[in-house]
Amino acid sequence: MAVKLDEPLGRVAYVNARILDPAEGWDGTGGVLTDGEKIAAAGPGLFDAGVPEGARVVDCEGACLAPGLVDIRAHLGEPGAEQKETLATAGRSATAGGVTTLLCLPDTEPCIDDMSVVEFVARRARMQGLTKVYPYGAVTKDLAGKEIAELKLLRDSGAVAFTDGSRSIADPLVLRQALGYAATFGLLICHQPEDPSLAGGGVMNLGENSTRLGLAGIPREAEIIIVERDIRLVEMTGGRLHFANVSTSESIEVIRRAKARGLAITCDTAPPYFALNEHAIGDYRTFAKLAPPLRDEDDRQAMVRAIADGVIDCIASDHTPQDEESKRLPFAQAASGGVGLETLLPITLELYHNGHLTLLRALDLVTRAPAALMGLEAGRLKPGGSADMVLFDPDRSWKVDADVLKSKSKNSPFDGRPVQGLVLRTVIDGRTVHTHGA
Amino acid sequence: MISGDTATTEFPHRHLLGIEGLTPAEITFLLDRSETYVEQNRQTNKKKSVLSGRTVINLFFEASTRTRTSFELAGKRLGGDVINMSISGSSIKKGETLVDTAMTLNAMHPDVLVVRHADSGAVKLLSEKVNCAVINAGDGSHEHPTQALLDALTIRRRLGRLAGLQVAICGDILHSRVARSNIHLLTTMGARVRLIAPKTLIPYAAERLGVEVFHDMAEGLQDCDIVMMLRLQQERMKSNYFPSVREYFTYFGLDYEMLAHAKPDALIMHPGPMNRGVEIDSEVADDFYRSVIREQVEMGVAVRMAALEILAHNLEPLAETNL
């Protein structure tokens, strides 16, 4: 859908909606009034006394109206891997998934370790007029894990937080210095924990399945050891650390104890880790080759429990587009990762449909919580704030079909899965940027 | 020759990609068919015509002399047209992917592709992209089904059975497709399998494959009918699995002193090529009565003839005008 940025917006009344805002604890019949790009008023019972004169009316027909989703981890491909995804295709995929704000990882080519690249990505994304894109800055130059990047300069040019993406920082001294330096300015470091040496040449979780398939396994300890090490470094430096893509039950327990001790530790996981296990690989299915690898069923259940009891702070899509050439290869050679922007909402809603979370809590994990973690003004229906919203039917079922995903790459680990929760309309800055079926 | 025009009910599969999942009856059928070719291969005239008009392509992405030659002989003795294609590292670097290669060859209408590849699962991936039958001649550390079949045929001819035998598989199990295929075949047929190696060369959770694991070779060899040695695949070894060949041979190599722990008449097997003095002592390897290593090579041709015959039979029948 083409977005006309110069179109006058006026006032729009979204009426007859089930208003859900985790930040306010709202779950009731009501609506939202937008004025231009901003929210003018919102809440249950908003239009009980009638719609303001002159406002255009959008009848939500009882569907859920919530803050647009905030996704704190997506690989976007641009610059450098435009054959896999561009900011335009990522924007269409994100809006189709109800994601109105996302953080993109710095592992582009060139990588985001320089102010000019931060500004390039931010400007290119703004030109699309779709999902708002905030870049991460690299923790280390060239993502090489050796020298710290210009963290504060990157921050001042627009980088929200810092990470080396799916690359783990192997050298403890480098991470110690990064945490300490970042703490000087109150910056957040995000780290996907995996000891690269211990992971060796592994391509899936080490277990009975890797033995049967004859594939080199990545031991769970490769993640757990780094989580344990990093917590010591946080304690030592007073830094703030967020663990990305946590996948093992032991990591959760270590993080739980660190949080109980009051350390500035947070973590997230991605839908594959609470919705799938290593059996999804079946007979060498490369769409199920992810980083970190899909773990066993006990780990999957531990993720569900940790989401329910709050040890996991939020859910990110970990959207990783890979083209056919990167996936249609023998398993060991195939690239890792799966697209996830369009399945973030329905897979998260599985936790609600299966009785693990309330609908409001499920939404909190993909709206208010990630926005708060990153210090973004997003993820809530606040008068005066940007009119970024998603209208969805939480019960409408559909089947994930990789071929019709809006992402340029089709590598969904959920291909063929029946899901519930359909995005009907996505609104960014008061403009409808996606309508189901349009 | 197998009777009937349609796919044989005894082996209703298009491909032979692995042993895992085959039934005891299917394995027995393959072994019985192989048996008929052992005698034929010892005749002066070894030629048959069951593959007449059929094209077999040996597609080897990994260097091999023994297995490729064995398949080539098997195909030719059955009267098929056999082409060898060795795709070396340098051609792979030209950029053609495995799937491209598969589609290119498929357009030439082969009947059977015999494929070896360094990556586990690669042969399965290729089989999904072609219309012909595919035989896995070894994929990474996954499976090497014809090797397990020829081992089973060798054992069965010597000892008359597989069920109830105690078999020790020794050495680099971690990287071995031969070990995995043998574990599946032997346990499916009712033999008891032990794996003997240092912990670094035993795959994770190996017990769950239905085997016993030993780290003391003398203990593991107790009461064994068969001692199957594996080649130490030093080319696949990326880290310190053991400190030195000398230390490895001292504790996990097979010499007469070590062999004395097995049954007095235990047979010695090795899939080849052997590293003499690394995993097996030369004298033991050449033991006239107990080493069946050369017999394994002989059985290999028979097993591959049977596999080619059965899979070709399961394809669409040839048109009358072609016969």
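Just so you know, these numbers use all the heavy atoms, side chains as well, and skip hydrogens, waters and symmetry mates. First the proteins, then the strands, lettered A, B, ... as listed; each starts at 1.
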Value rounded to 0.5 Å, distance of [atom1] in [X] from [atom2] in [Y]:
X: B:Thr97; Y: A:Glu325; atom1: OG1; atom2: CD; answer: 8.0 Å
X: A:Met204; Y: B:Ser120; atom1: CE; atom2: OG; answer: 10.5 Å
X: B:Asp119; Y: A:Leu329; atom1: CG; atom2: CG; answer: 9.0 Å

Notebook entry, point to check: Heavy-atom distance under 4.5 Å to chain A: side chain of B:Glu20, backbone, both or neither?
Noted result: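 B:Glu20 touches chain A through side-chain heavy atoms alone.
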Check: Which atoms of B:Arg180 come close to chain A, meaning under 4.5 Å heavy atom to heavy atom: side chain ones, backbone ones, both, or neither?
Finding: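 Side chain only.
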Margin query: Can you list everything that forms a salt bridge (charged side-chain N to carboxylate O under 4.0 Å, His left out) with A:Asp283? Sequence neighbours excluded, please.
Written below: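 Counting only residues at least two positions away or on another chain, A:Asp283 forms a salt bridge (charged side-chain N to carboxylate O under 4.0 Å, His left out) with B:Lys124.
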Item checked: Donor-acceptor contact present, side-chain A:Thr211 to main-chain B:Tyr204, <3.5 Å ->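 At least one qualifying donor-acceptor pair exists.
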Next item on the list: Considering only heavy atoms and a distance below 4.5 Å, find which of B:Glu143, B:Arg208, B:His184 pairs most often with chain A.
Entry: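 Greatest number of close heavy-atom pairs with chain A: B:Arg208.
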Next item on the list: For residues A:Tyr284 and B:Asp139, determine if any side-chain heavy atom of one lies less than 4.5 Å from a side-chain heavy atom of the other.
Entry: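 Touching, per the 4.5 Å side-chain cut-off.
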Check: Is there side-chain contact between A:Pro330 and B:Leu98, with heavy atoms separated by less than 4.5 Å?
Finding: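 Of all side-chain heavy-atom pairs linking B:Leu98 with A:Pro330, at least one is under 4.5 Å.
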Check: Taking atom CZ of A:Arg232 as the centre, does the number of heavy atoms from other residues, nucleotides or ligands within less than 6.0 Å exceed 12?
Finding: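 Not buried by this count: 12 neighbours or fewer within 6.0 Å.
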Notebook entry, point to check: Got a sec: does the CZ of A:Arg300 have more than 12 other heavy atoms crowding it under 6.0 Å?
Noted result: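 Counting other residues, nucleotides and ligands, CZ of A:Arg300 exceeds 12 neighbours.
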Margin query: Ignoring hydrogens, what is the shortest heavy-atom contact between B:Lys129 and A:Arg328? Give both atom names and the distance.
Written below: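 Scanning both residues completely, I find the closest heavy atoms to be NZ-CD, 4.1 Å.
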